[in-house]
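Here the structure is a predicted model, which is why all the values come from computation and not from measurement.
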Amino acid sequence: AQKVTQAQTEISVVEKEDVTLDCVYETRDTTYYLFWYKQPPSGELVFLIRRNSFDEQNEISGRYSWNFQKSTSSFNFTITASQVVDSAVYFCALINQTGANNLFFGTGTRLTVIP
Amino acid sequence: DTGVSQNPRHKITKRGQNVTFRCDPISEHNRLYWYRQTLGQGPEFLTYFQNEAQLEKSRLLSDRFSAERPKGSFSTLEIQRTEQGDSAMYLCASSRLLAGGPYEQYFGPGTRLTVT
């Protein structure tokens with residue numbers, strides 16, 4: 001069985017603040033892949049990052065960074081110096097190596113950046 | 001590279017009617033997925049194709065739902081005898097199948113279905 005938990009339902013920050021979105025996952029597979037997607041008000045899911053289970057290196061892309069910790073089954077996402085355009089629902093998701101390779105999504109975190 | 005496209009973007013139908021949605025994936029992507037998203041939830045897997053073969057269906061896909069991908073290109077999702085509980089956003093995604101995968105899935109804009 002697999003599960004993705006995003007405990008933060010909604011977060012509000014003031015522009016230029018840093019914010020971290022939490023993601024905790026469960027899976028029985030030893031090989032799996034983790035993802036973050038952004039869903040802005042327009043509704044279209046936008047791919048942000050893919051991480052495989054044997055690569056625990058953290059990644060930074062501009063104002064975005066991701067912290068993968070296998071020991072705590074977490075894959076957290078930090079936005080530095082948040083901007084109003086970052087306002088969206090953010091989904092963490094998991095793909096197992098076995099099976100359909102479909103995405104298992106968390107329930108999402110709605111981020112509102114206040115100008 | 002054009003992205004994934006879906007038509008129609010919105011569909012309002014009366015309970016009991018049949019509806020069909022279309023998805024055109026990114027051209028070189030051989031995997032195509034259908035998901036359903038209800039308000040306040042993450043997308044849930046319905047079914048997927050590898051080329052023209054439908055390889056897996058979720059328990060969510062009742063026998064009123066059918067999907068096809070003729071010739072491994074575009075796909076259609078049909079819902080027969082719609083019910084109010086079918087109201088949701090139907091999302092299509094496509095991805096490559098290569099060694100080192102599975103790779104990220106790219107999503108279309110979705111079809112929002114409202115059953116009255």
Which heavy-atom pair separates A:Ala100 from B:Tyr48 by the least distance, and what is that distance?
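Smallest interatomic distance, heavy atoms only, reads CB-CE2, 3.4 Å.
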
Looking at the rings of A:Phe104 and B:Phe45, which for Trp means the six-membered one, are their centres under 6.0 Å apart?
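No, ring centres 6.0 Å or more apart.
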
Per-residue contact mode, B:Gln37 against chain A (heavy atom under 4.5 angstrom)
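Side chain of B:Gln37 only, per the 4.5 Å heavy-atom cut-off to chain A.
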
Of the backbone (N, CA, C, O) and the side chain (C-beta and beyond), which part of B:Gln105 lies under 4.5 Å from a heavy atom of chain A, both, or neither?
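Both the backbone and the side chain of B:Gln105 come within 4.5 Å of chain A.
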
B:Arg31 and A:Asn101: side-chain contact (heavy atoms from CB on, under 4.5 Å), yes or no, with the steps?
CA-CA 10 Å; B:Arg31 282 195 168 177; A:Asn101 295 157; 2.7 Å; yes

Tell me, for A:Gln6 versus chain B, whether the close heavy atoms (under 4.5 Å) come from the side chain, the backbone, both or neither.
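Contact with chain B is absent: no heavy atom of A:Gln6 under 4.5 Å.
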
Using the rule that Ile, Leu, Val, Met, Phe, Trp and Tyr join whenever any side-chain heavy atoms are under 4.5 Å apart, tell me whether [X] and [Y] fall into a single cluster.
X: A:Leu34; Y: A:Leu48; result: yes
X: B:Met89; Y: A:Phe105; result: yes
X: A:Tyr25; Y: A:Ile95; result: no

So, taking the atom named OG in B:Ser95 and the one named CG in A:Asn102, what distance separates them when rounded to the nearest 0.5 Å?
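The OG atom of B:Ser95 sits 11.0 Å away from the CG atom of A:Asn102.
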
Measuring from atom CD of B:Glu104 to atom CZ of A:Arg51, what distance do you get when rounded to the nearest 0.5 angstrom?
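Reported to 0.5 Å precision, the distance equals 12.0 Å.
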
Count the heavy atoms of every other residue, nucleotide or ligand shown that sit under 6.0 Å from [atom1] of [X], and state whether that count exceeds 12.
X: A:Glu59; atom1: CD; value: yes
X: A:Lys3; atom1: NZ; value: no
X: B:Ile12; atom1: CD1; value: no
X: A:Arg63; atom1: CZ; value: yes
X: A:Lys38; atom1: NZ; value: yes

Would you indicate whether the side-chain heavy atoms of B:Tyr103 and A:Arg50 approach each other to under 4.5 Å?
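They are in side-chain contact.
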
Criterion side-chain contact (heavy atoms from CB on, under 4.5 Å) on A:Phe91 and B:Gln41, from CA distance to verdict
CA-CA 10 Å; A:Phe91 290 98; B:Gln41 300 298 314; over 6 Å; no

Heavy-atom donor-acceptor pair, B:Tyr33 side chain to A:Leu103 backbone, under 3.5 Å:
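Answer holds: no.
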
In a check of ring pair (Phe, Tyr, Trp, His ring centres under 6.0 Å) between A:Tyr37 and each of B:Tyr106, B:Phe107, B:Tyr35, which one passes?
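Only one of B:Tyr106, B:Phe107, B:Tyr35 forms a ring pair (Phe, Tyr, Trp, His ring centres under 6.0 Å) with A:Tyr37, namely B:Phe107.
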
